[in-house]
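All heavy atoms count here, side chains included; hydrogens, waters and symmetry mates do not.
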Amino acid sequence: MTARYARIAAELRDAITRGEYAVGAHLPSEAELAVRFAASRGTVRQAVAVLAAEGLVGSRQGARRIVLGRERSQSFAELHSFAQWARATGHRVSGRVLAQRRRGASAAEAARLGIRPDEPVLSVLRLRSLEGEPVLLERTVYAGWIAPAVERLDADCESVTRALYDGVGLVFAYGEHLIDAVAAGTEDSRLLEVRRGSPLLRQRRVTTTHEGRPVEWSDDRYRAGSVTFSIRNSVDANPLVRQVGDLRPSS
């Protein structure tokens with residue numbers, strides 16, 4: 001049975017998506033929402049926190065929430081896997097491994113993982129779905145030292161991050177993300193069910209342990225419109241940094 005706060009969050013999310021609450025408008029107060037949904041203020045607070053985690057609402061001074069947008073978003077404020085983010089925001093997520101094999105690392109992969117070219121790595125192609133719809137294609141290369149643990153995971157493992165923590169105590173501690181847009185190739189279009197050449201949001205990431213040991217290097221491609229990313233910054237912490245893009249054609 002779906003938790004009460006998740007049902008309230010779903011109703012509010014639908015209302016925002018329909019335009020019932022315009023971008024920049026205030027949501028009703030916690031007290032007003034508690035009366036409307038016949039729920040405790042604590043339950044309402046949990047529901048609104050879900051929308052805040054999705055990037056749909058924020059807050060100014062005081063308890064009234066401001067509508068920030070109408071699309072689900074994933075924040076980079078904390079390091080979460082796609083599955084962890086989806087579950088935390090009340091969405092149904094699934095995944096399955098489409099291909100998996102051991103091979104030698106390419107020069108680019110070796111540089112990201114801090115290993116020698118041709119050193120053994122595990123290459124995994126995984127398709128992620130949100131609410132039953134394919135939204136994310138992950139091409140992940142795991143360093144050889146963690147490969148056996150990854151190979152033991154079920155093909156339909158929902159959260160690799162959680163499973164590796166439970167299985168071998170691995171903690172994904174730090175991540176570097178490079179974000180750009182690419183056109184869907186033949187394989188991308190078939191698996192994500194979009195037209196060839198359609199724009200995809202690409203996130204390339206390298207993730208390391210607390211000690212700085214690289215675990216994985218991944219090329220993740222999101223179907224357009226399926227999810228957005230949010231970055232909230234200030235002059236005091238986490239400033240945005242603009243970098244010149246790589247103008248060379250992607251391989």
**Item:** From CA spacing to verdict: side chain to side chain contact (heavy atoms under 4.5 Å, CB included), L113, V215
**Value:** CA-CA 7 Å; L113 293 173; V215 179; over 6 Å; no

**Request:** Start with the C-alpha distance between R126 and T140, add both sets of side-chain angles, then the distance that settles side-chain hydrogen bond (donor to acceptor under 3.5 Å, both in side chains), and finish with yes or no.
**Result:** CA-CA 8 Å; R126 183 180 290 107; T140 308; 4.5 Å; no

**Full working for side chain to side chain contact (heavy atoms under 4.5 Å, CB included) between V67 and L27** = CA-CA 7 Å; V67 177; L27 281 185; 4.3 Å; yes

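In this structure a side-chain-to-backbone donor-acceptor pair under 3.5 Å is missing from Q203 to D220. Using a distance-only test at 3.5 Å, with no hydrogens or angles considered, a donor-acceptor pair links the side chain of E32 to the main chain of S29. The main-chain N or O of R116 is found under 3.5 Å from a side-chain atom of E119 such that the two form a donor-acceptor pair. Although no hydrogens or angles enter the test, the distance criterion places no donor-acceptor pair under 3.5 Å between the side chain of T43 and the main chain of A39. Between the side chain of R128 and the backbone N or O of E158, at least one donor-acceptor pair lies under 3.5 Å.
Nearest heavy atoms, G114 versus P214: N-CG, 4.4 Å. V57 and V48 make their closest contact through CG2-O, 4.0 Å (heavy atoms, listed as atom of the first residue, atom of the second, distance). Contact record, L164 with A149: CD2-CB, 3.9 Å, taken as the closest heavy-atom pair. Residues G104 and V121 come closest through the heavy atom pair C-CG2, 4.2 Å. Contact between L153 and A163 at its shortest, heavy atoms only, is CD2-CB, 3.6 Å. The shortest heavy-atom contact between P148 and G144 is CD-O, 3.4 Å.
The pair R221-D188 meets the salt-bridge criterion, with a side-chain N (NZ, NE, NH1 or NH2) lying under 4.0 Å from an Asp/Glu carboxylate O. Between D180 and R202 there is a salt bridge, since at least one side-chain N of the basic residue sits less than 4.0 Å from a carboxylate O of the acidic one.
In this structure, the salt bridge (charged side-chain N to carboxylate O under 4.0 Å, His left out) partners of R103, at least two apart in sequence or on a different chain, are E109.
A donor-acceptor pair shorter than 3.5 Å cannot be found between the side chains of R195 and S189. With 3.5 Å as the limit, one finds a donor-acceptor pair spanning the side chains of T207 and E216.
Taking 4.5 Å as the limit, some side-chain heavy atom of W217 sits within range of a side-chain heavy atom of R204. For the pair I179 and Y222, the minimum side-chain heavy-atom distance is 4.5 Å or more. Looking at heavy atoms from C-beta onward, E138 lies out of side-chain contact with V124 at the 4.5 angstrom threshold. Proximity of E187 to L125: side-chain heavy atoms (C-beta onward) are separated by under 4.5 Å at one or more points. Side-chain contact between Y21 and H26 is absent, with no heavy atoms from C-beta onward closer than 4.5 Å. Counting only heavy atoms from C-beta outward, the side chains of L122 and Q100 approach each other to under 4.5 Å.
A cation-pi arrangement is found for R213 relative to W145, the charged atom lying closer than 6.0 Å to the ring centre and inside a 45° cone about the ring normal.
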